[in-house]
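Okay, so here's the structure we're looking at.
Note on naming: letters A, B, ... go to the chains in the order of the sequence lines (proteins, then strands), and numbering restarts at 1 for each one.
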Amino acid sequence: MRLSQTLVPTLKENPGEAQVVSHKLMLRAGMIRQLGAGIYSWLPLGLRVLRKVENIVREEMDRAGAQEVLMPAVQPAELWKESGRWSQYGAELLRFQDRGERDFCFGPTHEEVITDLVRHELRSYKQLPANFYQIQTKFRDEVRPRFGMMRGREFLMKDAYSFDLDQESLDNSYQIMFQAYQAIFRRCGLTFRAVEADTGAIGGSDSHEFHVLAGSGEDEIASCDHCHYAANLEKAVPGPLEEVALTSSGAAMERVETPGIRTIEEVAGFLKVPAHQTVKSLVVETSEGAAILLLRGDHELNEIKASHLLEGEGFHLPDPAAVQKLTGVTVGSLGPVGATLPLIADYALENQTDFVCGANQEGWHLTGVCWGRDLPRPRFADLRNVRAGDRCPRCETGHFSLDRGVEVGHVFKLGDKYTRAMKMTVLNKEGREQTPLMGCYGIGVSRIVAAAIEQNHDDNGIVWPVSLAPFHVEILLVNPKETEAMELAESLYNRLGQANLSTLLDDRRERIGVKFKDADLIGAPLRVVIGGRGIKEGMVEVQSRHDGASQKVEIGAVAEHLIERLQALMAEAVV
RNA sequence: CGGGGUGUAGCGCAGUCUGGUAGCGCAUCGGUUUUGGGAACCGAGGGCCGGAGGUUCGAAUCCUCUCACCCCGACCA
């Protein structure tokens, strides 16, 4: 491709609206342009990368035995009413009507459509297992789109749906997808981690998320430094505490005056006890009522875990005024002793003794509190977020480290949620109708482009992994007016094309400095500089975007040299 | 949805407090000289100052309403 004939509007300055590296660089390299909040156009350069990702995904899905289809983006409301999600799915579902005032939505996901398709077309167990996928534009009316392609409203997604006769077969389909996903992200040159995830409202037994590690990621993931256990913070379970259980001093519970003391830090500081010897009491509420959750002072509540424990919908932490109304005490002095609401305590408090907590009276706390003596032992449960350094629950040897990640893939076992709701059955060996089990598997194709940049850039621009690079090689013509150099560039360009290397020829009438800067932004792995001094010596210069190293190569040998270098880079990437 | 911020040339911004016919840098177009890391000089074009209404002799500037975008939070198959 010739840069002089291609729209690659690079920017010198960072656009004001961009916060994260990938967004800035995608705009600056002329890959995308924003149309509205969370809505973008892909320009030629960006589209080439998007297609690269798409093709890797397609190849691996095909290899894994999935069949590609393409379903409608616009879906009738009837299907969503049938599954029950028309009312469940909130404002994130973009709804509209056609001229006949019939309700439709722009598909944020396609469980209903695929289930509808398959219930008409699959009749026999002999047709299972089956797995269908598509690469489709989705729309989710996110409450807050942000970070460019990382969290857009319109985005490109690969979604796949498997259908199996029984659990064992579903487990197998899931496993196949899990492995295909690993192959996909590996081929994209990404550093990623597969983590156990919360299944969310959709339910089901198993779920894994695939995260690309990056500081700008929106999710926090905990991974064991010893075994393979890794989980989204939402779900990560702490192993047994390593701190020695406190042995009771035998001292009696005591009421102490703590004027104006509210937070755990203030309590610990005022009473000169470590934060882990305090207990914090948090009031939570659902449609079924309120409860008090107890956590060690230095631990943090995991709201997702807590919401799973409580009956009812609409889990939330009431504001301080509401808490006072529910308990009669101000937030800072709340405590479990004599509390009227049901108590649930975190496992970390099971062996706790002599702790400090609120006295349920403004300005007073209790010290030396012990379970069984000063108040009945409450129900214990896992309520907290794990922390870096906590012991792993699986191997009980390793410890957690926490990383931020960008979720680029998610695999679920759905079970019969949709097949049952939408009455999909096939005849089994006995000739009876049986409801198949579903799995669903998503990959954020456009998000991968952003995630790859988050992981592969430097101060000057993008440093593409070979497999995703829009071009393998960029040829920089120092001066297009030099006919000898121009001819040389042309013949090299053609030669590389024949060898199936994609090449960008910067034949613009720009100064070489401009070309260097743009080449850095665009980030092709290899770069050839033709013209100026070298050409008189019969040499051109080959540079690596990755480490900036450059070397002179004889003109006659450049093509072979580049081809070899590229092959080496690709081989390296496969490892 | 709550809180905060910003809308002025293609991009990045100043001007708004204190009302008086709109400016800087980059980019664009023409010319000259340059030519290995975002060139220099000369000249030119480009704005209903997000939109509507109001106050005023006069509004980018003050008031009211509205729209869009960005950030924090809540939310998130």
Which part of the nucleic acid, if any, lies within contact of Arg151(A), taking any heavy atom under 4.0 Å across all strands shown: a base, the sugar-phosphate backbone alone, or nothing? base
Would you please say whether a donor-acceptor pair under 3.5 Å links the side chains of His208(A) and Glu196(A)? no
Ranking A77(B), A39(B), G38(B) by distance to the side chain of Thr10(A), first place goes to G38(B)
Using 30° and 60° as the class limits, which term best fits the ring planes of Tyr181(A) and Tyr441(A): parallel, tilted or perpendicular? perpendicular
Looking at Arg144(A) and G2(B), is any side-chain donor or acceptor paired with a base atom of the opposite kind under 3.5 Å? no
Which residue, Glu78(A), Glu111(A), Glu92(A), forms the salt bridge (charged side-chain N to carboxylate O under 4.0 Å, His left out) with Arg85(A)? Glu111(A)
Base, sugar-phosphate alone, or nothing: which one does Arg527(A) contact when heavy atoms must sit under 4.0 Å apart? base
Which of the following nucleotides, C71(B), C75(B), G38(B), is nearest to the side chain of Asp518(A)? G38(B)
Identify whether any heavy atom of Glu218(A) sits under 4.0 Å from a base atom; if not, whether one sits that close to sugar-phosphate; answer base, sugar-phosphate or nothing. nothing
Base, sugar-phosphate, or nothing: which does Lys481(A) touch, judged by heavy atoms less than 4.0 Å apart? base
Less than 3.5 Å between a donor and an acceptor, one on the side chain of Glu510(A) and one on the base of G38(B), is that the case here? no
What nucleotide, of G36(B), A77(B), C70(B), holds the atom closest to the side chain of Glu541(A)? G36(B)
Counting only side-chain heavy atoms from C-beta out, which of A77(B), G36(B), G73(B) sits nearest to Val143(A)? G73(B)
Side-chain atoms of Phe147(A) come closest, of C72(B), A77(B), C69(B), to C72(B)
Pick the C1' atom in C62(B) and in G15(B), then give their distance to the nearest Å. 16 Å
Whole-Å gap separating P (A27(B)) and NZ (Lys517(A)): 14 Å
Closest to the side chain of Arg511(A), out of C11(B), C70(B), U34(B), is U34(B)
